[in-house]
Amino acid sequence: MLTPIIKKYSKIHIAGKEYRVRYSFNSLLCLEMSYKPLDEIIKYNALDWTVEDILQLTRATLVDLPQNRKATTRQKWDSIKPDVWRADIQVQDLRLLKAELLNAISDSLPQQVIGQKASGNGIDGLKMRAIYVDVLHRPEREFWTATLREVSERIEAYFDVKGYGDNVIHAEEFDTEGM
């Protein structure tokens with residue numbers, strides 16, 4: 001009953017160390033600004049991911065670690081620690097890391113996005129942020145550290161509570177005075 005509303009973390013292993021990570025909006029921004037958007041990477045089979053894809057996805061999961069707060073705030077993505085390009089990641093570790101990244105991605109995306117054919121519209125981050133921060137009055141920092149799944153579910157719950165769900169009847173108002 002309450003477990004769906006707690007933050008969900010995934011674990012990844014880099015050079016023998018374990019990290020609790022999530023794909024937050026900060027992660028999505030990191031990917032978009034320094035490499036390519038997540039939806040471009042995940043439209044391909046994970047078996048086709050390059051080493052570059054795996055390292056970029058790994059770095060993006062690390063942005064919300066406490067030691068990366070300053071780098072993330074300044075959007076200095078090359079300063080994210082640990083530096084995955086200098087880490088001792090062995091070729092045989094890439095398969096496990098890829099599986100862990102897939103799990104982290106799956107945990108962060110809304111269910112309707114997973115397995116759904118891409119519409120090409122992408123995520124409207126501006127509208128999501130406006131609803132989450134301006135309408136729901138949630139802190140900006142909370143938005144950036146939340147996952148797409150958390151924000152989507154919270155907005156959907158708000159719309160349901162307000163009666164804006166799928167079954168809402170929309171009445172249109174017409175100017176009848178001039179008729």
Side-chain angles (χ1 to χ4, degrees), residues 2-116 118 122-123 125 128-129 132-133 138-154:
L2 294 176
T3 55
I5 63 175
I6 60 172
K7 283 186 177 184
K8 190 170 187 178
Y9 290 87
S10 300
K11 293 178 183 173
I12 63 170
H13 295 85
I14 304 169
K17 291 186 180 178
E18 183 176 277
Y19 298 90
R20 284 177 17 125
V21 297
R22 311 152 31 88
Y23 275 101
S24 67
F25 277 94
N26 279 327
S27 303
L28 300 178
L29 181 64
C30 171
L31 280 170
E32 190 174 314
M33 290 180 73
S34 63
Y35 189 52
K36 55 186 164 185
L38 178 64
D39 57 347
E40 283 187 32
I41 299 169
I42 64 173
K43 70 181 172 186
Y44 299 106
N45 187 326
L47 296 174
D48 297 329
W49 286 355
T50 66
V51 172
E52 176 80 2
D53 291 336
I54 296 168
L55 293 177
Q56 292 285 357
L57 287 165
T58 302
R59 177 177 62 180
T61 64
L62 301 170
V63 298
D64 287 317
L65 294 177
Q67 67 262 31
N68 292 322
R69 190 166 286 136
K70 190 181 286 187
T72 300
T73 301
R74 294 181 178 161
Q75 297 173 355
K76 300 286 186 193
W77 311 119
D78 290 338
S79 300
I80 299 299
K81 301 294 181 210
D83 185 343
V84 293
W85 283 267
R86 292 195 173 142
D88 188 24
I89 300 173
Q90 304 296 315
V91 174
Q92 63 269 21
D93 297 334
L94 289 176
R95 182 179 292 162
L96 173 62
L97 186 55
K98 190 186 303 185
E100 292 171 335
L101 291 169
L102 282 167
N103 186 48
I105 291 168
S106 175
D107 286 347
S108 70
L109 296 178
Q111 293 294 33
Q112 65 266 25
V113 172
I114 299 169
Q116 186 178 41
I123 300 164
M128 290 190 88
R129 188 209 150 275
Y132 196 81
V133 175
R138 302 304 310 155
E140 176 99 18
R141 183 171 183 273
E142 182 180 291
F143 171 80
W144 287 105
T145 59
T147 64
L148 179 59
R149 176 180 287 195
E150 292 166 344
V151 171
S152 297
E153 288 175 351
R154 188 154 197 170

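The model shown is predicted, which means the values in this text are computed figures rather than measured ones. As a basis for the values below, the full set of heavy atoms in this structure was taken, side chains included, without hydrogen atoms, waters or symmetry mates.
- No side-chain heavy atom of Tyr19 sits less than 4.5 Å from a side-chain heavy atom of Thr61.
- Taking all atoms of both residues into account, the shortest heavy-atom contact from Glu100 to Ile12 is OE1-CA, 3.3 Å.
- Here CD1 of Ile41 is found 4.5 Å from CG of Leu57. Values are rounded to the nearest 0.5 Å.
- The structure places CG of Leu148 at 10.5 Å from CG of Asp39, a figure rounded to the nearest 0.5 Å.
- Proximity of a side-chain donor or acceptor of Ser24 to a complementary backbone N or O of Thr145 within less than 3.5 Å is not detected.
- The number of heavy-atom neighbours closer than 6.0 Å to NZ of Lys36, taken from other residues, nucleotides and ligands shown, is above 12.
- Between the side chain of Ser106 and the backbone N or O of Asn103, no donor-acceptor pair lies under 3.5 Å.
- Here the SG-CG distance, from Cys30 to Leu38, works out to 11.5 Å after rounding to the nearest 0.5 Å.
- Here the shortest heavy-atom pairing between Val84 and Leu55 reads CG2-O, 3.5 Å.
- For Lys98 against Ile54, the heavy-atom pair with the smallest separation is CE-CD1, 3.7 Å.
- Side-chain contact between Arg149 and Ser108 is absent, with no heavy atoms from C-beta onward closer than 4.5 Å.
- Here the shortest heavy-atom pairing between Arg22 and Ala146 reads NH2-CA, 3.6 Å.
- Checked by atom type and distance alone, the side chain of Tyr23 never pairs as donor or acceptor with a backbone atom of Asp107 at under 3.5 Å.
- At a threshold of 4.0 Å, the pair Arg138-Glu142 counts as salt-bridged, since one of the basic side-chain nitrogens sits closer than that to a carboxylate oxygen.
- Trp77 approaches Asn26 most closely through the heavy-atom pair CH2-O, 4.0 Å.
- Listed by chain and residue number, Phe143 satisfy the ring pair (Phe, Tyr, Trp, His ring centres under 6.0 Å) test with Phe25 (two or more places apart in sequence, or in another chain).
- The NZ atom of Lys81 lies 11.5 Å from the CG atom of Leu62; values are rounded to the nearest 0.5 Å.
- Atom CG of Asp64 and atom CZ of Arg69 lie 8.5 Å apart (nearest 0.5 Å).
- In the model, Arg74 has no side-chain atom that pairs as donor or acceptor with a side-chain atom of Ser79 under 3.5 Å.
- Among residues two or more places apart in sequence or in another chain, the salt bridge (charged side-chain N to carboxylate O under 4.0 Å, His left out) test is passed with Asp48 by none.
- A pairwise comparison of heavy atoms in Val63 and Thr72 identifies O-OG1, 2.7 Å as the closest pair.
- In this structure, the side chains of Arg59 and Ser34 come closer than 4.5 Å at one or more pairs of heavy atoms.
- The distance from the CD atom of Gln56 to the CH2 atom of Trp85 is 4.0 Å, given to the nearest 0.5 Å.
- Between Arg129 and Glu140 there is a salt bridge, since at least one side-chain N of the basic residue sits less than 4.0 Å from a carboxylate O of the acidic one.
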